[in-house]
Amino acid sequence: MSASPGAPEFADSYLVEVLSEFGLALKYVRAEGNTLHYLADDGSEVGVFDAASGFGSLMFGHNNPELVEHAKWLLDQQTPVHAQFSGYSYALDLAAKLNEIIRRELKTDDKFYGLFGNSGAEAVEITIKHAELDRGMRIKELKEGIEANVEAARSAIAGGARVSEAAAGLAGGADFDRLVAEVRRRNAETEARPPLFLALEGGFHGKLVSSVQLTFNEEFRGPFKALAAQARFIPRDRPEMIEKVVEEERAALLDVVVQDGVVDLVERDFPVFAAFLVEPILGEAGIFPISRELARALREACDRIGVPLVSDEIQSGMGRSGTFLAGTQIDLKPDYIILAKALGGGLAKLGVVLVNEHRYRKDFELMHTSTFGRDGFSSRLALKFLEMLEADGGKAYQLAAERGAKAVAMMEAIKADYPDVVKEVRGKGLMLGFELHDQSKSADPEIREAVEYEALAFVIGGHLLRKHRIRIFSTASNLETMRFEPSIHLSDEELAQVDAGFRDVCRILRDQDASKFA
Ligand code: F0G
């Protein structure tokens, strides 16, 4: 049995059915710059302006000629794609280049060790594993200290010291061995607790088994809760909640001390949390840049709790915000940085975690491997991509900022004309969100129904595609926000096209007349 070519018979059947309802199931056959071409019924190609841009992974556009040329050259050169587990890999050069850029932006001489994977979510999973290894080692050091204190107390007892009344009460007697057994039993119980992570409400960190538990959206996370460690989520406008959550989850190990000939018990803070993950610009939440104040509060909180601060720059990084890291603009000082998406130039799949030397656990290098991780092809393509970003004194960053500012001005002008329809324009550089007001009270029952079924963004997307040849989606967890992440080669003509399309949508929503949707 075989299906006709391209028929969604053996994959994506439900997905294509849903997209078809909104006219979004086009067959794209060619892509260049900010344009995707689909095949019309008569066999001709129709170009569509792509504001989705590979979910933000195309800084230089689809099939950028310089990157494509380089990819071909790499293959012609017989670049070893697979030479892992050897003395040299191109991933080392990539890590060095990333260090150069990141140290410049973070204004530090600290070294960042690279760990490589194949996607954003995989890089988050690597982060989770590394942070848990680190936590385990911190627990081990704590326990070794406690065991050393137990031995010191044992010597003191032999020399005539006695067990305090409080300690004897806990152990059910003044016998030192019983006390030690009770301390170990209780400590083992605490140690058996699974780790917790901290993340922001609305945050998105991927959809693999562990990373999805750090992704706030209940729809993605809920069904898989039993599979992995959990996160406590902090509202981004209420950093004071961190203290409250930390207090709620607080746990301690028992330690023994000898003071004035008396053996007593004290509590040592147990490392409950493994890491705090944040996006400097929350993407899927609806493009919300976090504030400089929050960045500082996060750093202080992480130092207080003793956990690494992880900046997920998978979507916001690689220059999209106008700097290599979006966190640079708010002085975010992370211990780990996660990169993926655009890093492979939109052609290669890779994810990288960069871990500050003060937090790095080198044992991880022998524990974690992946067949394609740090492969030669994606590493060298990423190097080329970085070279292009940094060329001409960082012209690409400047373009992201300039083209982004122009797009913001265009969207703000629409907001000024349609204040009842457009709620807010947000973002930095070319990571922008265009938020519409809630339409659930629209006079048009069709619009109300679309809101009720969480389908209005699809309806709008379908209209923009058919009538204006614009491909755009809402953010995954904020359906009122259209996300605008084209490449830095965004032209004035393309901006004018988006201006016309957005204005048309605003008009229809203001008129409360869904019959005008194409
Ligand atoms: N972290 C962030 C901030 C992301 O935006 C994404 C993906 C991931 C992690 C996971 O990366 O898809 O390569 O495994 N965001 C996609 C999006 C889904 O729609 O922007 P991945």
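As the structure is a prediction and not an experimental result, all values here were calculated from the model. All ligand and atom numbering here is 1-based and tracks the order in the structure. Residue numbers run from 1 in the order of the sequence given.
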- Check: Ser89 main-chain N/O paired with Arg374 side-chain donor or acceptor under 3.5 Å: no
- Has the side chain of Glu105 got a donor or acceptor atom that lies under 3.5 Å from a matching backbone atom of Phe324? yes
- Message: Once side chain to side chain donor-acceptor pair (under 3.5 Å) is applied, do any residues pair with His82, and if so which ones, sequence neighbours excluded?
- Response: none
What does the N/O contact table under 3.5 Å look like for ligand 1?
{"unit_1": "ligand 1", "atom_1": "1 (N)", "unit_2": "Phe204", "atom_2": "O", "d": "3.4"}
{"unit_1": "ligand 1", "atom_1": "1 (N)", "unit_2": "Asp312", "atom_2": "OD1", "d": "3.4"}
{"unit_1": "ligand 1", "atom_1": "1 (N)", "unit_2": "Asp312", "atom_2": "OD2", "d": "2.7"}
{"unit_1": "ligand 1", "atom_1": "5 (O)", "unit_2": "Gln315", "atom_2": "NE2", "d": "2.8"}
{"unit_1": "ligand 1", "atom_1": "11 (O)", "unit_2": "Ala121", "atom_2": "N", "d": "3.4"}
{"unit_1": "ligand 1", "atom_1": "13 (O)", "unit_2": "Gly120", "atom_2": "N", "d": "2.9"}
{"unit_1": "ligand 1", "atom_1": "14 (O)", "unit_2": "Ala121", "atom_2": "N", "d": "2.8"}
{"unit_1": "ligand 1", "atom_1": "15 (N)", "unit_2": "Lys341", "atom_2": "NZ", "d": "3.1"}
{"unit_1": "ligand 1", "atom_1": "19 (O)", "unit_2": "Glu284", "atom_2": "OE2", "d": "3.1"}
{"unit_1": "ligand 1", "atom_1": "19 (O)", "unit_2": "Arg483", "atom_2": "NH1", "d": "3.4"}
{"unit_1": "ligand 1", "atom_1": "19 (O)", "unit_2": "Arg483", "atom_2": "NH2", "d": "3.4"}
{"unit_1": "ligand 1", "atom_1": "20 (O)", "unit_2": "Glu284", "atom_2": "OE2", "d": "3.0"}
{"unit_1": "ligand 1", "atom_1": "20 (O)", "unit_2": "Gln315", "atom_2": "NE2", "d": "3.2"}
{"unit_1": "ligand 1", "atom_1": "20 (O)", "unit_2": "Lys341", "atom_2": "NZ", "d": "2.8"}
{"unit_1": "ligand 1", "atom_1": "20 (O)", "unit_2": "Arg483", "atom_2": "NH1", "d": "3.3"}
{"unit_1": "ligand 1", "atom_1": "20 (O)", "unit_2": "Arg483", "atom_2": "NH2", "d": "2.9"}

- May I ask you to decide if Gly206's main-chain N or O and Thr215's side chain share a donor-acceptor pair within less than 3.5 Å? yes
Anything under 3.5 Å between a donor and an acceptor, one on a side chain of residues 332-340, the other on a protein residue two or more places apart or in another chain? List them.
{"unit_1": "Lys333", "atom_1": "NZ", "unit_2": "Leu106", "atom_2": "O", "d": "3.4"}
{"unit_1": "Lys333", "atom_1": "NZ", "unit_2": "Asp331", "atom_2": "OD1", "d": "3.0"}
{"unit_1": "Asp335", "atom_1": "OD1", "unit_2": "Arg299", "atom_2": "NH1", "d": "3.3"}
{"unit_1": "Asp335", "atom_1": "OD2", "unit_2": "Arg299", "atom_2": "NH1", "d": "3.1"}
{"unit_1": "Asp335", "atom_1": "OD2", "unit_2": "Arg299", "atom_2": "NH2", "d": "3.1"}
{"unit_1": "Asp335", "atom_1": "OD2", "unit_2": "Leu309", "atom_2": "N", "d": "2.7"}
{"unit_1": "Tyr336", "atom_1": "OH", "unit_2": "His130", "atom_2": "ND1", "d": "2.7"}

- Item | Under the salt bridge (Lys or Arg N to Asp or Glu O under 4.0 Å) test, residues paired with Lys207 that sit two or more places apart | none
